[in-house]
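The sequence lines fix the lettering, A, B, ..., with proteins before strands; numbering per chain opens at 1.
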Amino acid sequence: MLRTHTAGELRAENEGESVVLAGWVNRRRDHGNLIFVDIRDRYGVTQAVFNPDHSAAAHAVGESLRGEYVVQVKGTVRKRPDDMTNETLDTGAIELLVDEAKVLNPARTPPFTLNDEAPVSEELRLKYRYLDLRRARLQQNMVLRHKVVAFIRRWLDEQNFVEIETPILIKSTPEGARDFLVPSRLHPSRFYALPQSPQQLKQLLMVSGMDRYFQIARCFRDEDLRGDRQPEFTQLDLEMSFVDTEDILALNEQLTIDLVHEVMPEKRFLQTPFPRLSYDEAMARYGSDKPDLRFEMALVDLSEIVAHSTFRVFSGALAEGGVVKLLVGPGLADYSRKQIDELEAIAKDLGAKGLAWAKVDDATTATLSGGISKFLSDEESRAILDASGAEGGDLLLFGADRFETVSAVLGRLRLELGERLGLRDPEVFAYAWILNFPLVEWNEEQARWDAMHHPFTSPQDEDLEKMTSDPGAVRAKAYDLVANGWELAGGSIRIHNREVQRKMFDLLNIDDTHQQTQFGHMLEAFEYGAPPHGGIAWGIDRVVMLYAGEPNIREVIAFPKTAAGTDLMTAAPSHVDEQQLADLHIALAGKAVKR
RNA sequence: GGGGGCGUGGUGUAGCGGUUAACAUACUGGCCUGUCAAGCCAGAGAUCGCGGGUUCGAAUCCCGUCGCUCCCGCCA
């Protein structure tokens with residue numbers, strides 16, 4: 001070993017010990033004679049003192065040091081004088097009086113500062129990711145991520161789960177997200193796909209009798225990126241046999257609670273056991289299927305109250321089968337025209353035609369002012385205040401449109417106001433289960449029913465009849481785990497009955513031929529004694545993101561992609577040479593031919 | 001596929017029709033024996049992302065393009 005200790009572990013008790021440290025030069029403070037150098041590694045920072053009276057040779061090396069040089073220093077641990085300790089440093093009670101020093105490797109001046117958290121453009125951070133990873137923020141995030149995954153593995157192992165790796169090269173299925181494809185050299189014109197998740201494989205493992213499976217699994221989806229979405233990401237994938245919904249919820253809830261206590265002990269849960277909401281309830285109250293429950297500010301349905309309104313925006317929306325809903329901004333009646341315009345811009349961005357508003361002057365007399373107040377009758381104003389509980393000084397924001405648009409707009413404005421009002425406390429985790437999802441949703445473009453979760457999700461027993469009579473009303477045995485406005489996990493109890501599976505495929509309009517070519521292996525497997533089973537998948541990246549308080553998924557991934565899906569460090573994706581293409585029986589077409 | 005924001009010494013920003021392109025920090029050299037974002041002095045460092053246009057004159061206005069980013073669509 002080139003060192004006896006790390007840069008984070010020496011304390012006053014080590015006084016007098018002769019030690020060797022190795023690390024990076026974090027900072028150098030050169031007083032001409034005395035030189036102080038902070039040695040940094042991932043464990044911490046230790047101050048080394050170069051004194052020419054003590055060692056002229058070491059001092060000469062100290063003079064040559066620059067930021068990010070890799071050094072090895074040998075010396076004696078010395079207690080600092082009482083008035084010179086550094087309280088901000090774990091090692092601040094001591095320093096290392098250097099006897100010998102050696103430059104293990106010099107370093108060019110880095111493209112950005114590594115010894116503080118000063119802002120740097122995303123482009124540079126990604127290009128020099130190995131340097132960005134040297135900084136405290138990402139170091140902490142990587143360690144946290146490791147702790148999360150390590151704890152989950154240990155916990156599930158204790159619960160008799162078996163971690164099983166599933167293939168990365170699998171069969172493409174056109175359902176769901178776009179697949180990443182891998183051409184086959186041995187089989188011209190054929191392609192593998194990278195897994196969007198190990199969904200089918202884990203179900204087959206249940207048929208195999210593995211009973212309790214999990215995997216920390218890399219997943220791939222060729223869709224556009226977002227702040228919380230990368231083309232490759234990591235799931236905790238989990239599946240259990242002989243369980244119902246309650247078993248899955250209970251196990252995952254306990255794992256979550258134990259995990260947070262272990263890795264984030266300073267955070268607190270808003271509520272345990274986790275509250276449960278139906279999908280309909282979540283959409284109605286919060287305009288989202290992943291509501292941030294750290295604050296209430298529920299949406300109020302005014303459709304009945306304004307059913308006979310003379311205000312065209314309201315009557316028009318209702319006439320077209322839409323809804324009218326209200327979001328109350330508590331105490332925000334002092335908002336300026338400019339501030340309301342900002343909110344309207346958000347609304348328009350999400351498809352609203354505008355943003356109707358009014359201010360509550362006096363709740364007891366039902367006096368409203370500004371905005372659309374003049375279009376509301378006294379009776380309507382009274383009823384709106386009674387229904388919402390809005391008080392004097394509150395700002396009323398109305399949404400009148402299709403249910404989906406109103407939900408998106410008011411749901412987003414609710415988050416915006418919650419943020420502005422400081423109601424989104426980062427120290428609190430508001431976990432909740434969202435249940436009773438619809439089994440299928442109507443695809444307007446294709447004029448057909450699509451699986452909301454996936455085609456193997458079981459309908460709820462009491463809704464089986466509706467699969468033919470009223471598909472949109474069928475509830476699924478599906479569940480999402482949400483926290484603070486993030487969807488952190490989702491899963492379902494699967495169909496294990498051949499007849500129900502056939503009804504599902506019929507509903508999804510997947511004909512026999514297609515069933516056989518796409519899912520033949522699954523259907524056949526289910527005929528050999530498939531146990532009732534179900535599971536869930538966590539988005540590990542999002543979990544770590546929430547715990548770390550990071551605003552973007554890139555901050556918890558060691559080597560992430562840009563918003564355009566490129567890797568600035570290695571310059572992937574890249575062109576390949578003609579021979580590689582020829583081996584794969586691939587010819588470039590159209591735009592792709594030009595380089 | 002669509003919409004918004006940003007791009008100026010190494011880094012982060014200011015400048016928004018005429019400036020010697022400013023500030024902080026980093027960097028280089030000098031001074032300095034108790035600093036810990038050390039201090040003081042001096043210095044070097046920018047064809048203002050790229051291309052075109054408007055103008056007597058463009059970092060500044062317009063068009064295109066590239067890069068980064070956020071959002072909508074998309075994400076079983």
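Between the CD atom of A:Glu123 and the C1' atom of B:rG49 there is a distance of 9 Å, rounded to whole Å. One can place CG of A:Asp349 at 10 Å from P of B:rC71, the figure rounded to the nearest angstrom. For the pair A:Ile35 CD1 and B:rA38 P, the interatomic distance rounds to 14 Å; values are reported in whole Å.
The side chain of A:Arg554 contributes an N or O atom lying less than 4.0 Å from OP1 or OP2 of B:rU69.
Map A:Arg221 and A:Thr85 each onto its nearest nucleotide of RNA chain B; the residue landing nearer the 5' end is A:Thr85. Map A:Gly32 and A:Thr113 each onto its nearest nucleotide of RNA chain B; the residue landing nearer the 5' end is A:Thr113.
You can call A:Phe36 stacked on the base of B:rU35; the centres are under 5.5 Å apart and the planes sit within 30°. In this pair, A:His31 does not lay its aromatic ring on the base of B:rG34; centres under 5.5 Å and planes under 30 degrees do not both hold.
For A:Asp224, the listed nucleotide lying nearest its side chain is B:rG73; candidates were B:rG73, B:rG29, B:rC74. Distances from the side chain of A:Glu223 to the nucleotides B:rU69, B:rC74, B:rC72 place B:rC74 closest. In the set B:rC70, B:rC68, B:rG12, B:rC70 carries the atom at the smallest distance from any side-chain atom of A:Ala563.
When side chains are defined from C-beta on, A:Arg218 does not count as touching A:Phe233, because their heavy atoms never get closer than 4.5 Å.
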